[in-house]
Asks: 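Pasting in a structure now, in structure tokens, and then I'll have a few things to ask.
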Amino acid sequence: MIKNGHHASDEEGGQRAGVKPGESPCSPEKRKRVVRVWCDGCYDMVHYGHSNQLRQAKGMGDYLVVGVHTDAEIAKHKGPPVFTQAERYKMVRAIKWVDEIVEGAPYVTTLETLDKYNCDFCVHGDDITLTVDGKDTYAEVKREERYRECKRTQGVSTTDLVGRMLLMTKTHHSNMDNPDYQQHTDNFGKGPKGHSPWTGVSQFLQTSQKIIQFASGKEPQPGDTIIYVAGAFDLFHIGHVDFLETVYNQAERPYVIVGLHFDQEVNRYKGKNYPIMNVHERTLSVLACRYVSEVVIGAPYAVGKDLLDHFKVDLVCHGKTEVFPDKDGSDPYAEPKKRGVFRSLDSKNGLTTDDIVQRIIENRLLFEARNQKKEAKEMAVIEAMKRRGEHTDDAAQLAQ
């Protein structure tokens, strides 16, 4: 059980998570002015690595503005995105640390952009982002010392997730030494001249500290409507966001609890090679959503009496996706239906994890080419660094 708190106030005047209206999150000295932070990116196939970057950026200031690039800009500099710009805008808005988004932000971050949105500085991960001609997109703001860096989240990348979908083995989320997986990553995320530390695959290791960082929140308060939903929430995507927003809007003061099923349970009812993300990864993805108050890790498949009584659940919701029977053939929602607290919701978004996998498979060659092109540019920077005898951390300087 992971507490995540209410986040409705995040959207109202940049109120920080966990701080009551009227209270300041800053010391008296810092309260003199609001520090506005800028982040930008493609935010394609948004995962907990993106969320962790935005969490770290928000911690460096008071108000976080996130610029999201258009489909055309991404196609020009990197290759085709998996999700449309409208989908990517909505995904970023749903991340609880984000106060404001700028649609169609320029691919190259300039002082003009920071000044236009009254941002003190921008924050990016400790990897490198290059334009189509191999230039560092943050060169200008770095020169003017309006750039901050945060730690990249190890063990997750768009390259890795796409690789899992294309390979689709049952061991993809636990066996990184699988020869087939290694061969695939060589083809997908590795160019002919070597391997970039910024584009590739690494093992995700869950820690209690990471969960705590994502799960700063509140207990339910008197007057809250406690709403329970359950599922896999695999490859957390815009379909999930629209559903959880619909759930959130069922009450004036909602407290949304998400029950996440263990990997073995998901594989039982989903079949094939699901889940693509393991339960630890799915936990962080759901915790980052502003509509979620609490997460139950390894929730029972059947929503029974003990669970409903323990959490004092007022309402149980399910979307329009198929409800698979429990192991004994029974309806997992029999108890909430008996109590009259079950509600079927239509979020008007039918996107599923299967649909996303299909997008990837249909465009496999395009995505492989995109990542090989990206890595080739990064390797050129690394080779230049080696010739100069410099450390990888100085890569950005060479791309200016």
Asks: Nearest heavy-atom pair of Glu87 and Leu351: which atoms, and what distance?
Replies: OE2-CD2, 4.5 Å
Asks: Say whether, by atom type as modelled, one donor and one acceptor occur between the side chain of Asp99 and the main chain of Val65 under 3.5 angstrom.
Replies: no
Asks: When you measure from the side chain of Lys210 to the backbone N and O of Leu284, does any donor-acceptor pair fall under 3.5 Å?
Replies: no
Asks: Let's go through Lys320 and Asp346 carefully: what are the C-alpha distance in whole Å and the side-chain angles of both, what is the deciding distance for salt bridge (charged side-chain N to carboxylate O under 4.0 Å, His left out) to 0.1 Å, and is it a yes or a no?
Replies: CA-CA 6 Å; Lys320 293 299 182 180; Asp346 186 358; 5.5 Å; no
Asks: Can Asp314 and Lys312 be counted as an ion pair, charged N to O under 4.0 angstrom?
Replies: no
Asks: Between Asn349 and Ser347, do the side chains contain an N or O donor and an N or O acceptor separated by less than 3.5 Å?
Replies: no
Asks: Tell me whether the guanidinium CZ or amine NZ of Arg143 lies under 6.0 angstrom from the six-membered ring centre of Tyr138 and within 45° of its axis.
Replies: no
Asks: Compare every heavy atom of Val35 with every heavy atom of Phe121, then report the nearest pair and how far apart it is.
Replies: CE2-CG1, 3.8 Å
Asks: Angle class for the His318/Tyr333 ring planes (parallel below 30°, perpendicular above 60°, tilted otherwise)?
Replies: tilted
Asks: What are the two closest non-hydrogen atoms of Gly125 and Tyr147, and how far apart are they?
Replies: O-OH, 3.7 Å
Asks: Please report the C-alpha distance between Arg93 and Glu245 in whole Å, then the side-chain angles of each, then the deciding distance to 0.1 Å, and finally whether the salt bridge (charged side-chain N to carboxylate O under 4.0 Å, His left out) criterion is met.
Replies: CA-CA 11 Å; Arg93 279 194 179 94; Glu245 183 180 15; over 6 Å; no
Asks: When rounded to the nearest 0.5 angstrom, what is the spacing between CG in Asn52 and NE2 in His50?
Replies: 11.5 Å
Asks: If you define the side chain from C-beta out and look only at heavy atoms, does anything of Arg343 sit under 4.5 Å from Leu315?
Replies: yes
Asks: With rounding to the nearest 0.5 Å, note down the distance linking CD in Glu140 to SG in Cys122.
Replies: 10.5 Å
Asks: Check this for me: does any side-chain nitrogen of one of Arg36 and Glu100 sit under 4.0 Å from a carboxylate oxygen of the other?
Replies: yes
Asks: Which value, rounded to the nearest 0.5 Å, describes the distance between Arg146 atom CZ and Leu111 atom CG?
Replies: 5.5 Å
Asks: Hey, could you give me the CZ/NZ distance between Phe342 and Lys337, rounded to the nearest 0.5 Å?
Replies: 5.0 Å
Asks: Which pair of heavy atoms, one from Gln53 and one from Cys150, lies closest together, and at what distance?
Replies: CG-SG, 3.6 Å
Asks: What's the spacing between Asp224 CG and Ile226 CD1 if we round to 0.5 Å?
Replies: 7.0 Å
Asks: State whether Lys90 and Glu103 are salt-bridged, where the test is any N-O pair (Lys NZ or Arg NE/NH1/NH2 against Asp/Glu carboxylate O) under 4.0 Å.
Replies: no
Asks: Whether the side chain of Asp234 engages the backbone of Pro275 through a donor-acceptor N/O pair (distance < 3.5 Å, no angle test) should be reported.
Replies: no
Asks: Between Leu244 and Val292, which heavy-atom pair has the shortest distance, and what is it?
Replies: CD1-CG2, 3.8 Å
Asks: Looking at Asp328, is its backbone amide N or carbonyl O close enough to the side chain of Asp326 to form a donor-acceptor pair, meaning the two atoms are under 3.5 Å apart?
Replies: no
Asks: Could you tell me whether the side chain of Thr283 reaches within less than 4.5 Å of the side chain of Tyr48, counting heavy atoms only?
Replies: no
Asks: Please determine which of Val258, Val241, Val247 meets the side-chain contact (heavy atoms from CB on, under 4.5 Å) test together with Tyr291.
Replies: Val241
Asks: With Met165 as reference, evaluate Thr353, Ile360, Val82, Asp160 under the side-chain contact (heavy atoms from CB on, under 4.5 Å) test and give the passing residue.
Replies: Ile360
Asks: Please evaluate residues Cys39 and His124 with respect to the criterion side chain to side chain contact (heavy atoms under 4.5 Å, CB included), reporting the C-alpha separation (whole Å), side-chain torsions for both, the decisive distance (0.1 Å), and the verdict.
Replies: CA-CA 7 Å; Cys39 283; His124 186 65; over 6 Å; no
Asks: Quick check: do Lys327 and Arg268 have side-chain heavy atoms less than 4.5 Å from each other?
Replies: yes
Asks: Run Lys96 and Cys289 through side chain to side chain contact (heavy atoms under 4.5 Å, CB included) and show every step you take.
Replies: CA-CA 6 Å; Lys96 66 184 180 183; Cys289 181; over 6 Å; no
Asks: Using a 3.5 Å distance criterion without hydrogens, assess whether the side chain of Thr246 forms a donor-acceptor pair with backbone atoms of Asp242.
Replies: yes
Asks: Are Asp355 and Arg359 close enough, and set up right, to give a salt bridge (charged side-chain N to carboxylate O under 4.0 Å, His left out), and what steps lead you there?
Replies: CA-CA 6 Å; Asp355 295 332; Arg359 287 189 192 185; over 6 Å; no
Asks: Quick check: closest heavy atoms across Asp71 and Pro81, and the distance to 0.1 Å?
Replies: OD1-CG, 3.8 Å
Asks: With a 4.5 Å limit on heavy-atom distance, are the side chains of Tyr255 and Gln221 in contact?
Replies: no
Asks: Looking at residues at least two apart in the chain, or sitting in another chain, which of them share a ring pair (Phe, Tyr, Trp, His ring centres under 6.0 Å) with His237?
Replies: His240
Asks: How about Tyr269 and Tyr301: are their ring centres within less than 6.0 Å of each other?
Replies: yes
Asks: Using 0.5 Å steps for rounding, measure from the NZ atom of Lys270 to the CZ atom of Phe324.
Replies: 6.5 Å
Asks: Is the closest side-chain heavy-atom distance between Cys317 and Ile227 below 4.5 Å?
Replies: yes
Asks: Using modelled atom types and a 3.5 Å cut-off, is there a donor and acceptor pairing between side-chain atoms of Asp40 and backbone atoms of Val68?
Replies: no
Asks: Please examine the side chains of Trp38 and Val141, heavy atoms only from C-beta on, and report whether any two atoms are closer than 4.5 Å.
Replies: no
Asks: Before you tell me yes or no, could you show the steps for Leu54 and Leu64 under side chain to side chain contact (heavy atoms under 4.5 Å, CB included), namely the whole-Å CA-CA distance, both residues' side-chain angles and the distance that decides it to 0.1 Å?
Replies: CA-CA 8 Å; Leu54 298 174; Leu64 180 60; 4.0 Å; yes
Asks: In the structure I gave you, are the side-chain heavy atoms of Gln250 and Val256 within less than 4.5 Å of one another anywhere?
Replies: no
Asks: Can you confirm if the aromatic rings of His47 and Phe236 lie within a centre distance of less than 6.0 Å?
Replies: no
Asks: Within a radius of less than 6.0 Å around NZ of Lys338, do more than 12 heavy atoms belonging to other residues, nucleotides or ligands occur?
Replies: no
Asks: Any side-chain heavy atom of Val102 within less than 4.5 Å of one from Tyr117?
Replies: yes
Asks: Go through the steps for Arg33 and Asp120 under the test salt bridge (charged side-chain N to carboxylate O under 4.0 Å, His left out), then give the verdict.
Replies: CA-CA 11 Å; Arg33 61 184 296 275; Asp120 296 80; 2.5 Å; yes
Asks: Report yes or no: does Gln85 contribute a side-chain atom to a donor-acceptor pair with the main-chain N or O of Gly104 at less than 3.5 Å?
Replies: no
Asks: Whether the side chain of Asp263 engages the backbone of Val279 through a donor-acceptor N/O pair (distance < 3.5 Å, no angle test) should be reported.
Replies: yes
Asks: Compute the centroid of each ring, for Tyr43 and then for His69, and state whether the two points are separated by less than 6.0 Å.
Replies: no
Asks: Distance-only, no hydrogens or angles: does the Asp44 side chain make a donor-acceptor pair with backbone N or O of Phe83 under 3.5 Å?
Replies: yes
Asks: Given side chain to side chain contact (heavy atoms under 4.5 Å, CB included), test Val303 with Leu308 step by step and report yes or no.
Replies: CA-CA 7 Å; Val303 184; Leu308 295 175; 3.7 Å; yes
Asks: Counting distance only, does the side-chain N/O of Arg282 pair as donor-acceptor with the main-chain N or O of Leu235 below 3.5 Å?
Replies: no
Asks: Using the ring of each side chain (for Trp, its six-membered ring), is His77 parallel, tilted or perpendicular to Tyr107, with breaks at 30° and 60°?
Replies: parallel
Asks: Ion pair present between Glu335 and Arg339, side-chain N to carboxylate O less than 4.0 angstrom?
Replies: yes
